[in-house]
Amino acid sequence: MEHLFCQRSIIKMSHTNSKDDFRLPTFRVDSDGGLSPEALRSWQGAGCLVIENFCDEHARRELIWAADSIVAQFDMTDRDAIFSTQTHEHARNKYFETSGDKIRCFFEENALNQNGDLLVPKEQSINKIGHALHDLHPVFERFSYQPRIARLMQELGIDDPRLLQSMFIFKQPGIGGEVNWHQDGSFLYTSPPSVTGLWFALEDATLETGCLWALPGKHTRGLRSRFLRVNGELIMEDSLSPPNFDEDQGVPLEVPAGSLIIIHGALPHYSAPNRSQKSRYAYTLHAISGTAVYPEDNWLQRGQDLPLRRLTPISR
């Protein structure tokens with residue numbers, strides 16, 4: 001899932017390889033969020049699941065309106081709020097490091113010049129908003145804690161699911177940054193592994209606008225690295241698992257607005273830059289098991305005033 005950080009690629013993705021024509025099957029959920037046996041088999045084999053028509057136009061418009069309102073109120077005096085899609089430099093910034101229980105906006109790298117002046121209008125300068133929208137904003141809260149999402153986590157076998165973080169990702173026209181190959185479990189590590197990503201397409205995600213790419217089935221190879229705090233400093237610890245990502249085997253996940261892509265915490269995925277004149281808005285959630293251990297050396301931490309909340313499905 002497009003993430004808080006991203007790893008530098010060893011091999012660049014070729015967007016002309018023969019995999020471009022491959023598409024994962026798409027599924028639907030029932031009214032309560034239940035999955036078919038075929039969908040569950042696909043999830044287990046691929047480590048990702050594409051669900052069409054999960055969120056309707058009204059829900060999408062409401063989330064986009066809420067994000068635009070946050071950006072409109074964003075204090076532009078904080079020029080340190082730059083999110084890099086290519087390095088981890090922003091992780092050394094307290095504004096980012098302490099955002100686990102707050103709502104904060106982060107600039108695109110290419111939105112500011114060397115003097116810190118905007119090169120594009122303010123509303124087109126933001127890379128993302130994170131990381132506690134789901135607990136601190138009523139519109140995002142209502143969407144995030146809907147019983148259908150809770151049921152989905154139950155169907156996927158996440159024991160006592162809790163929402164850990166949320167992000168609104170803009171993928172701005174012309175300057176939306178590439179997010180290099182990574183695994184969500186590297187950054188939101190639990191023991192045993194449990195992090196699961198939910199990526200909601202609020203606009204069409206195409207090759208042109210920088211859709212997600214994935215390596216279906218490679219989630220079974222475990223994590224390649226872990227991002228953690230050592231002696232007060234955040235570092236990337238590599239080689240937890242020997243195999244590198246087979247990046248030339250990636251497949252695009254082009255989906256229409258309203259689709260949901262569910263991503264296993266160990267699945268390698270990526271998104272290309274957006275050089276088109278269209279935006280590619282998405283909302284993402286990461287859930288973990290409440291019975292798993294979430295280490296204190298993970299980068300994202302939340303204060304005692306904002307404990308993780310349980311996802312609760314409708315009783316059947």
Side-chain angles (χ1 to χ4, degrees), residues 1-26 42-50 83-91 108-110 127-128 167 169 171 175-189 193 195-199 201 205-228 235-255 259 261-276 280 282 284 286:
M1 174 144 321
E2 293 175 303
H3 217 282
L4 349 157
F5 309 95
C6 46
Q7 302 168 16
R8 208 175 272 284
S9 295
I10 297 174
I11 304 171
K12 278 290 182 183
M13 167 65 65
S14 168
H15 288 184
T16 59
N17 74 49
S18 60
K19 292 286 185 178
D20 285 5
D21 294 330
F22 178 85
R23 293 294 183 270
L24 287 175
T26 60
S42 182
W43 162 255
Q44 291 162 0
C48 58
L49 190 63
V50 180
F83 179 79
S84 172
T85 60
Q86 298 295 314
T87 73
H88 305 139
E89 289 302 313
H90 54 271
E108 282 282 358
E109 278 187 287
N110 296 323
N127 171 283
K128 70 171 187 175
M167 296 180 289
I169 301 171
K171 205 74 162 180
I175 61 172
E178 172 186 26
V179 178
N180 285 340
W181 287 98
H182 65 282
Q183 298 162 293
D184 293 342
S186 295
F187 303 95
L188 302 172
Y189 180 81
V195 65
T196 304
L198 299 101
W199 192 95
T206 65
L207 289 171
E208 180 187 21
T209 60
C211 66
L212 294 180
W213 291 66
L215 296 174
K218 301 304 182 183
H219 62 297
T220 60
R221 301 172 72 178
L223 295 179
R224 190 177 72 168
S225 60
R226 187 177 165 216
F227 194 76
L228 72 166
I235 65 168
M236 182 65 80
E237 183 182 80
D238 294 318
S239 300
L240 292 185
S241 183
N244 291 324
F245 300 149
D246 303 318
E247 297 171 5
D248 60 337
Q249 298 299 307
V251 299
L253 303 180
E254 290 189 279
V255 295
S259 301
I261 301 175
I262 308 176
I263 300 177
H264 189 282
L267 181 76
H269 56 286
Y270 152 97
S271 71
N274 180 10
R275 298 295 178 248
S276 77
R280 195 227 60 190
T284 71
H286 286 95

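Given the structure is predicted, the values throughout are model-derived calculations rather than measurements.
- To the nearest 0.5 Å, atom CH2 of residue Trp199 and atom OG of residue Ser271 are 8.0 Å apart.
- Atom CE in Met167 sits 3.5 Å away from atom OG1 in Thr284 (nearest 0.5 Å).
- The shortest non-hydrogen separation linking Leu267 to Cys48 is CD2-CB, 3.6 Å.
- Looking at every heavy atom in both residues, Ala201 comes nearest to Val255 through CB-CG2, 3.9 Å.
- Judged purely by atom type and a 3.5 angstrom limit, Arg280 uses its side chain to pair as donor or acceptor with the backbone of Gly210.
- Between the Gln183 side chain and the Ala266 main chain, a donor and an acceptor come within less than 3.5 Å of each other.
- In summary, Asp238 and Arg224 do not engage in a salt bridge, as defined by a charged side-chain N under 4.0 Å from a carboxylate O.
- When all heavy atoms of Leu223 and Tyr189 are compared, the closest pair comes out as CD1-CD1, 3.8 Å.
- Atoms OG and CG, from Ser42 and Leu24 in turn, are 6.5 Å apart once rounded to the nearest 0.5 Å.
- Among all heavy-atom pairs drawn from Pro268 and Lys218, the shortest one is CD-CB, 4.0 Å.
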- Ile262 and Trp43: CA distance, side-chain angles, deciding distance, side chain to side chain contact (heavy atoms under 4.5 Å, CB included) verdict: CA-CA 9 Å; Ile262 308 176; Trp43 162 255; 3.7 Å; yes
- Could you go through the side chain to side chain contact (heavy atoms under 4.5 Å, CB included) check for Leu212 and Ile261 one step at a time? CA-CA 9 Å; Leu212 294 180; Ile261 301 175; 4.0 Å; yes
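- Under the 3.5 Å distance criterion, the side-chain polar atoms of Glu254 are matched with a main-chain donor or acceptor of Leu207.
- When atom types are taken as modelled, the side chain of Ser225 and the backbone of Glu237 share no donor-acceptor pair closer than 3.5 angstrom.
- Donor-acceptor pairing under 3.5 Å is lacking for the side chains of Glu247 and Tyr270.
- No donor-acceptor contact under 3.5 angstrom links the side chains of Lys171 and Thr209, judged on distance only.
- Aromatic ring orientation, His182 versus Phe187: perpendicular (interplanar angle above 60°, classes split at 30° and 60°).
- Across all their heavy atoms, Lys128 and Ile169 have their closest contact at CB-CA, 4.2 Å.
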- Step by step, work out the side chain to side chain contact (heavy atoms under 4.5 Å, CB included) result for Ile235 and Phe227. CA-CA 6 Å; Ile235 65 168; Phe227 194 76; 5.9 Å; no
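- With Gln249 contributing its side chain and Ala214 its backbone, the two residues share no donor-acceptor pair below 3.5 Å.
- Side chain of His219 to main chain of Gln44: a donor-acceptor pair is present (N/O by atom type, distance under 3.5 Å, no hydrogens or angles).
- Of all the heavy atoms in Thr220 and Gly217, the pair that sits closest is OG1-O, 3.1 Å.
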